[in-house]
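What follows is one structure encoded as structure tokens, with my remarks underneath.
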Amino acid sequence: MARLVDMNVQLARYLGRFDELPGYLDFARVGPISHDVAMTLVEAARASRGERAVDTLAARLEEARRNTAGFLRAAPHEVAFVSSTSHALFAAAAALQGGTVLVRRGEFPANVYPWLRLQDRGGPRVRWIDAPRVTPEVVAAHLTADVRALAVSAVDALTGHRPPLGALKEVLGRDRVLVVDAIQGLGAFPLEVEAADVLASGGQKWLRAGWGAAALLVRDRVSGHLSPGIGGWSGVREPLAEQAPAPAPDGTSGHPREPLPGAAAHTMTNPDYPAVAAFGVALDLVTTVGVDAIATRLADTLDALLDTARAAGAEIPHDDLPPEERGGIACFRLPGHDPADVHAALTRAGLTTTLRGPWIRLSPHATTPSQAVDRLAEGLRTTRRP
């Protein structure tokens with residue numbers, strides 16, 4: 001009982017750190033930042049004017065790195081910070097040479113373009129998976145000797161399917177790399193992060209950290225399969241050593257130097273220090289309340305929204321997903337109605353949602369109040385009027 005009371009107190013404190021409109025259901029697009037993140041960005045801006053600005057911000061980066069590594073069950077050197085999820089995924093695609101990478105057709109474009117752009121530049125060739133979901137059985141059916149990696153989202157950006165990462169890694173085995181785009185799940189639901197060999201996640205969605213920083217996880221167990229494809233000066237040892245205005249006596253520049261160990265080898269330059277500090281603070285908030293508490297409340301809210309949509313006759317793809325395979329995202333459409341008209345009616349009812357083709361995407365958060373369910377019901381009633 002005491003533990004339950006403490007969890008409820010922590011959740012209440014967590015919820016009190018945010019202040020968004022009650023009809024906001026678009027966290028899969030961007031999550032409004034917390035008061036803590038806002039204050040951190042202001043403090044970082046002030047610190048940048050100080051005498052020891054770089055040292056102060058670098059210390060915040062190292063703190064964020066340690067906390068992120070703990071959250072991802074990794075060693076600190078296995079974590080680095082880059083500018084975005086896409087940046088991290090391009091680093092992963094550039095680090096793999098030759099062979100084949102499996103990518104589901106319909107995967108979010110951020111986890112498609114890195115592989116397409118690099119396949120003609122020495123990277124693995126893309127082999128499409130034509131299946132509605134990435135399951136261990138589907139992956140096993142596509143495995144051949146030349147497959148080097150599988151690129152997958154931890155949560156599908158449209159349907160909310162949460163694939164079993166542990167089972168996928170087991171099918172792949174230790175000699176293939178599981179690359180996970182985790183931005184639609186990190187901080188919202190428990191993820192099998194131990195299964196990810198490479199993981200990329202920005203902070204602007206469910207972590208609610210704002211833009212400009214993303215975590216890049218590269219585990220030591222796959223270091224032998226990767227090269228620092230886009231690694232820049234920030235990814236090598238002593239990049240400024242023996243810097244001189246004239247070439248070295250042997251005519252060389254002394255570069256490239258030895259790559260740093262871990263994820264840093266795959267960075268191009270220093271990250272946005274204030275954004276990294278904000279990322280760290282946002283992750284601390286999640287850690288304090290516990291991702292399980294956030295996930296439970298989020299799932300309850302999404303269930304209530306979907307019950308309302310079903311009652312209005314909505315079609316919901318993958319409506320049969322078991323709880324352990326559903327993230328914080330779902331979509332629906334009303335048969336016989338123009339999706340743009342439905343979306344407009346929901347907007348008039350005070351809801352913020354995303355229209356993706358014929359589908360209206362719902363992505364609430366733990367902070368979403370019950371009024372959002374009432375607004376959805378009202379918007380759908382308005383849509384059905386002749």
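All of these numbers come straight from a predicted model, not from anything done at the bench.
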Name all pairs fulfilling the side chain to side chain donor-acceptor pair (under 3.5 Å) condition that reach into [range], sequence neighbours left out, sorted by first residue then second.
range: residues 174-187; result: Gln184-Trp206
range: residues 27-43; result: Arg17-Asp36
range: residues 305-315; result: Asp307-Arg310, Arg310-Asp319, Glu315-Arg333

What distance separates [X] [atom1] from [Y] [atom2], expressed to the nearest 0.5 Å?
X: Asn270; Y: Ser83; atom1: CG; atom2: OG; answer: 12.5 Å
X: Leu346; Y: Leu376; atom1: CG; atom2: CG; answer: 6.0 Å
X: Thr159; Y: Arg361; atom1: OG1; atom2: CZ; answer: 11.0 Å
X: Asp284; Y: Thr68; atom1: CG; atom2: OG1; answer: 8.5 Å
X: Asp320; Y: Arg326; atom1: CG; atom2: CZ; answer: 8.5 Å
X: Leu306; Y: Leu362; atom1: CG; atom2: CG; answer: 6.5 Å

Checklist entry - Under 4.5 Å between side-chain heavy atoms, hopping through other hydrophobics if needed: is there a path connecting Leu285 to Phe71? => result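 Same cluster: Leu285 reaches Phe71 through Ile, Leu, Val, Met, Phe, Trp or Tyr contacts under 4.5 Å.
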Next on the checklist: Do Val101 and Val177 sit in one hydrophobic cluster, given that two such residues count as connected whenever their side-chain heavy atoms are within less than 4.5 Å of each other, even indirectly?
Outcome noted: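 Yes, it is one cluster - the side chains of Val101 and Val177 are joined through contacts under 4.5 Å.
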Check: [Y] and [X] side chains under 4.5 Å, non-hydrogen atoms:
X: Pro274; Y: Asp272; result: yes
X: Leu186; Y: Leu72; result: yes
X: Tyr14; Y: Ile294; result: yes
X: Pro163; Y: Arg133; result: no
X: Leu150; Y: Lys169; result: no
X: Phe332; Y: Leu380; result: yes

Sidechain-backbone polar pair: [X] side chain, [Y] backbone, donor-acceptor under 3.5 Å:
X: Ser86; Y: Ala110; answer: no
X: Thr100; Y: Val147; answer: no
X: Arg60; Y: Tyr273; answer: no
X: Lys205; Y: Ala28; answer: yes

Item to check | Pair Leu118-Phe90, side-chain contact (heavy atoms from CB on, under 4.5 Å): steps then yes or no | outcome: CA-CA 8 Å; Leu118 271 297; Phe90 264 97; 3.8 Å; yes
Checklist entry - Is a side-chain donor-acceptor pair under 3.5 Å present for Gln10 with Thr288? => result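 No, no side-chain donor-acceptor pair sits under 3.5 Å.
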Item to check | Exercise: do His142 and Arg127 side chains pair donor with acceptor under 3.5 Å | outcome: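 On atom types as modelled, these side chains do not qualify, holding no pair under 3.5 Å.
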Checklist entry - Partners of Ala264 by side chain to side chain contact (heavy atoms under 4.5 Å, CB included), sequence neighbours excluded? => result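 Expected list: Leu260.
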Next on the checklist: According to side chain to side chain contact (heavy atoms under 4.5 Å, CB included), who are the partners of Pro364, at least two apart in sequence or on a separate chain?
Outcome noted: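 Side chain to side chain contact (heavy atoms under 4.5 Å, CB included) list for Pro364, sorted by chain: Leu25, Leu298, Thr301, Leu302, Leu305, Thr368.
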Could you go through residues 207-215 and list every donor-acceptor pair under 3.5 Å that involves a side-chain atom there, pairing it with any protein atom two or more places apart or in another chain?
unit_1	atom_1	unit_2	atom_2	d
Arg208	NE	Pro32	O	2.8
Arg208	NH1	Thr367	OG1	3.0
Arg208	NH2	Glu20	OE1	2.6
Arg208	NH2	Pro32	O	3.2

Next on the checklist: Could you go through Leu199 and Val193, starting from their C-alpha distance and side-chain angles, then the distance that decides it, and tell me whether this counts as side-chain contact (heavy atoms from CB on, under 4.5 Å)?
Outcome noted: CA-CA 8 Å; Leu199 182 145; Val193 292; 4.2 Å; yes
Item to check | Basic-acidic side-chain contact under 4.0 Å: Glu378, Arg375 | outcome: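 Salt bridge flag = no for Arg375 with Glu378.
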Next on the checklist: Determine whether Tyr24 and His365 satisfy the following criterion, side-chain contact (heavy atoms from CB on, under 4.5 Å), listing intermediate values before the conclusion.
Outcome noted: CA-CA 9 Å; Tyr24 191 82; His365 204 278; over 6 Å; no
Next on the checklist: If we check side-chain hydrogen bond (donor to acceptor under 3.5 Å, both in side chains) with Asp156, which of these qualifies: His318, Arg162, His161, Arg104?
Outcome noted: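 Output: one option passes, namely Arg104.
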Could you list the donor-acceptor pairs under 3.5 angstrom formed by side chains in residues 220-230, with sequence neighbours left out?
unit_1	atom_1	unit_2	atom_2	d
Asp220	OD1	His77	NE2	3.0
Asp220	OD2	His77	NE2	2.8
Arg221	NE	Asp197	OD1	2.6
Arg221	NH1	Glu194	O	3.2
Arg221	NH2	Glu194	O	2.8
Arg221	NH2	Ala195	O	3.2
Arg221	NH2	Ala196	O	3.2
Arg221	NH2	Asp197	OD1	3.0
Ser223	OG	Asp220	O	2.9
Ser227	OG	Ala95	O	3.4

Checklist entry - Could you give all pairs that pass the ring pair (Phe, Tyr, Trp, His ring centres under 6.0 Å) test and reach residues 111-133, with sequence neighbours left out? => result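 Every pair satisfying ring pair (Phe, Tyr, Trp, His ring centres under 6.0 Å) with a residue in residues 111-133: there are none.
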Among residues at least two apart in sequence or on other chains, which ones pass salt bridge (charged side-chain N to carboxylate O under 4.0 Å, His left out) with [X]?
X: Arg125; answer: Asp120
X: Glu258; answer: Arg237
X: Asp338; answer: none

Checklist entry - Going through the distances and angles, do Val134 and Leu102 end up as a side-chain contact (heavy atoms from CB on, under 4.5 Å)? => result CA-CA 10 Å; Val134 178; Leu102 302 178; over 6 Å; no
I'd like a table of donor-acceptor pairs (distance under 3.5 Å, sequence neighbours excluded) in which one partner is a side-chain atom from residues 351-359, with atom names and distances.
unit_1	atom_1	unit_2	atom_2	d
Thr353	OG1	His343	NE2	3.3
Thr354	OG1	Asp26	OD1	2.6
Thr354	OG1	Asp26	OD2	3.1

